[in-house]
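We use all heavy atoms of the structure for the numbers below, so side chains are in, but hydrogens, waters and symmetry mates are not. Remember, it's 1-based here, ligands and their atoms both numbered in the order they're listed.
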Amino acid sequence: MRHALFRPFSCISLAIRFSLLVFPEISPAASPGWLTAHDTEIKALVARMTLQEKVGQMTQPDLGAMKDLSDIQTLCLGSVLSGGGSDPQSGNTLSDWSNVHQECQNLARKTRLAIPLLYGVDAVHGHNNVLGAVIFPHNIGLGCTRNPALIQEISQITAKEVRATGIQWTFAPCVAVPRDIRWGRTYEGYSEDPAIVASLGRAAVRGLQGDNLAGSQSVVGCAKHFVGDGGTIFGSTRGEGTLDQGDARIDEATLRAVHMAGYPPAIDAGVATIMPSYSSWNGVKCSGNKYLLTDVLKKELGFEGFLISDYNAIDQLVPPTRRQAADLSDSAAGQVRTPDYKKCIEISINAGMDMVMVTERYREFVSLLQELVHENKVPVSRIDDAVTRILRVKFAHGLMGDNPRLMPDKALQAEFGSPFHRSVARKAVSESMVLLKNEGEHLPLKSTIRRIHLTGSGADNLGMQCGGWTIDWQGGQGAITQGGTTILAAVRNAVSPGTTVTCSTEGADEQGADLAIVVVGEEPYAEMEGDRTDLTLNGKDAGTVSAMKAAGLPVIVLVLSGRPLVLGEVAEQADAIVAAWLPGSEGDGIADVLFGKTPFTGKLSFSWPKTMAQIPASRIGKNAPLFPLGFGLTH
Ligand code: BGC
Ligand code: BGC
């Protein structure tokens with residue numbers, strides 16, 4: 001099988017092969033030596049640990065689910081996470097997060113062995129849960145930059161903002177290779193092209209973790225979701241029209257060539273954790289697949305860090321009987337709670353899962369896993385291996401020893417959301433813009449223009465620019481965070497004194513304008529809720545474009561979206577079209593390209609379909625897409 005992995009591009013499209021010329025070949029992987037450098041000490045430590053202490057290390061509750069934080073001490077927990085929207089009770093500022101992190105660590109330090117926690121968050125485009133953090137473009141936009149050095153710098157800044165709250169672990173980068181843009185997580189992937197994902201995912205790991213994870217400004221990274229999350233089949237999951245957490249029905253060569261491409265480079269760069277996917281491969285859930293987790297990932301690819309399950313993912317390993325399912329109502333996450341939780345634990349730990357994101361059922365998990373060991377259903381050697389792997393990461397990160405670095409660094413706090421961090425995001429925004437059409441050469445906008453009218457749902461809407469995984473799990477509309485510029489504010493910042501800028505997102509007041517900028521797109525969403533059967537641009541935005549056209553104005557259309565949208569008549573009506581993706585908080589980066597301060601350099605990271613019939617990607621080949629992968633005009 002090694003053979004297949006290292007010749008990964010045999011069965012993919014020409015376009016993908018073309019990009020190989022630009023991106024280096026995937027090289028054979030193995031975790032670097034620094035990850036195992038403390039194994040002798042770790043062996044001695046594990047030998048001193050009780051079963052309860054070991055199982056505690058393997059358990060990760062959600063902050064929001066813990067009624068009493070002192071459980072960290074009594075259960076000797078090894079980790080805590082804050083899932084999307086799981087903010088500190090006191091609030092959502094830098095100091096609220098620093099305080100709650102500190103409180104958790106203090107409790108961990110009171111345990112017999114005083115092993116600090118790893119505190120995990122989804123800092124997937126900046127430290128996006130925290131008010132005032134700089135919000136970078138989502139990965140789909142970054143994929144259009146084709147700029148690994150920039151992605152590394154962005155990840156470094158994200159690491160610094162995360163460390164400013166004391167937290168030391170982010171569930172990023174997502175190295176999914178989305179092949180069906182109806183998937184609501186498409187924007188979490190850099191590209192449909194595995195070579196781009198491989199190159200940028202590696203850069204992200206380097207940026208987050210630094211050379212060896214030991215630096216005071218590095219955080220533990222997590223490549224996710226292993227594997228095939230972007231290859232699930234439409235309708236294969238929780239009902240009609242959904243793909244999230246679905247089934248990738250593909251052969252092993254394709255799984256390896258397309259969907260596994262991000263992992264060898266991430267492992268080679270030292271990624272310390274990997275998250276197995278909720279999804280299945282040919283009907284078998286990845287979270288319980290021993291072949292994938294142990295044989296491929298750990299043995300063949302030489303991954304020496306640890307596996308963290310996805311949010312309650314192991315609960316799905318034993319499907320409830322029909323009768324049980326009928327008796328159970330769907331949980332908030334749309335999952336039926338399995339009654340045979342103990343069996344789920346047995347399957348996943350034996351498959352190679354090392355730490356479990358149990359979120360709420362952590363007490364139950366801790367006692368059931370100990371029972372399984374006593375009943376010889378989970379071998380002690382497996383538990384020791386899991387704990388060894390977790391401790392490797394804690395040692396490498398400098399958390400062990402007499403003076404672990406647990407307090408947030410004041411200097412980093414002073415830089416949180418700083419103008420410098422925002423300037424890097426602004427550059428990333430500019431580089432991620434893709435100019436799709438420029439008829440009549442209205443772009444770049446001339447400084448002599450007298451009056452510009454902005455309209456459309458995204459014209460003055462920071463939440464829509466940021467998308468999901470921003471402040472809230474599913475994101476939100478409007479002024480959701482502190483700092484940053486909307487597109488309206490950015491255009492106002494950019495125009496010369498003689499230019500008037502008007503804006504209305506409702507109704508028309510474009511009279512007297514020389515040109516209209518219509519900012520159209522998708523409302524914010526994240527996993528599950530973002531799955532769609534129809535990606536046609538919403539009627540209201542499309543109507544606004546027609547209205548501006550009918551008023552006789554040249555129309556520049558900016559598309560804020562987590563994936564290509566089917567533009568219909570707008571593709572014809574618009575004089576210029578810019579794919580702006582989900583650029584995040586720094587709208588100024590958009591104005592920079594609109595006004596020609598920075599040239600357009602972005603290239604599509606996904607092919608852009610003309611009709612729904614061209615989705616998924618495998619169907620695009622038959623008819624020309626509206627714009628192919630790699631497309632992007634310069635002025
Ligand atoms: C998502 C992961 C995320 C985790 C923690 C899950 O639902 O699939 O991507 O890291 O939650 O919030
Ligand atoms: C998300 C969490 C979120 C939860 C809500 C999970 O899938 O990852 O971050 O809070 O669902 O049910």
Subject >> Electrostatic pair D122-K224, nearest N-O below 4.0 angstrom >> reply: yes

**OP:** Could you tell me whether E523 atom CD has more than 12 heavy atoms of other residues or ligands within 6.0 Å of it?
**Re:** no

**OP:** Give the numbers and elements of all ligand 1 atoms closer than 4.0 Å to a heavy atom of H225.
**Re:** 2 (C), 8 (O), 9 (O)

Subject >> Atom indices of ligand 1, in the order listed, that fall short of 4.0 Å to a heavy atom of D310 >> reply: 1 (C), 2 (C), 3 (C), 4 (C), 6 (C), 7 (O), 8 (O), 11 (O)

Subject >> Distance filter under 4.0 Å to G83 heavy atoms, resulting ligand 1 atoms >> reply: 12 (O)

Original post:
Just checking, is any N or O donor in the side chain of W97 or N92 under 3.5 Å from an acceptor N or O on the other one?
Top reply: yes

Original post:
Got a sec, which residues hit side-chain hydrogen bond (donor to acceptor under 3.5 Å, both in side chains) with H127, two or more places apart in sequence or on another chain?
Top reply: T165

Original post:
In terms of side-chain geometry, is the basic nitrogen of R363 or D71 positioned less than 4.0 Å from the acidic oxygen of its partner?
Top reply: yes

**OP:** State the atoms of ligand 1, each with its element, that fall below the 4.0 Å cut-off from a heavy-atom position in F171.
**Re:** 10 (O)

**OP:** Could you list which atoms of ligand 1 come closer than 4.0 Å to a heavy atom of K224?
**Re:** 2 (C), 3 (C), 9 (O), 10 (O)

Original post:
Under 3.5 Å between some N or O of ligand 1 and some N or O of E188?
Top reply: no

Original post:
With a 4.0 Å cut-off on heavy atoms, is W473 touching ligand 1?
Top reply: no

Original post:
Considering distance alone, does some N or O of Y311 sit under 3.5 Å from an N or O of ligand 1?
Top reply: no

Original post:
salt bridge (charged side-chain N to carboxylate O under 4.0 Å, His left out) with E161: which residues, sequence neighbours excluded?
Top reply: none

Subject >> Ring center gap for F606 and W183 short of 6.0 angstrom >> reply: no

**OP:** Within a distance under 4.0 Å of any heavy atom of L81, pick out the atoms of ligand 1 and give their elements.
**Re:** 5 (C)

Original post:
Of all the atoms in ligand 1, which lie at a distance below 4.0 Å from a heavy atom belonging to R185?
Top reply: 1 (C), 2 (C), 8 (O), 9 (O)

**OP:** Kindly indicate whether the side chain of R163, heavy atoms from C-beta on, has any atom under 4.5 Å from the side chain of Q217.
**Re:** no

**OP:** Return a yes/no value for W469: is any of its N or O atoms, backbone included, closer than 3.5 angstrom to an N or O of ligand 1?
**Re:** no

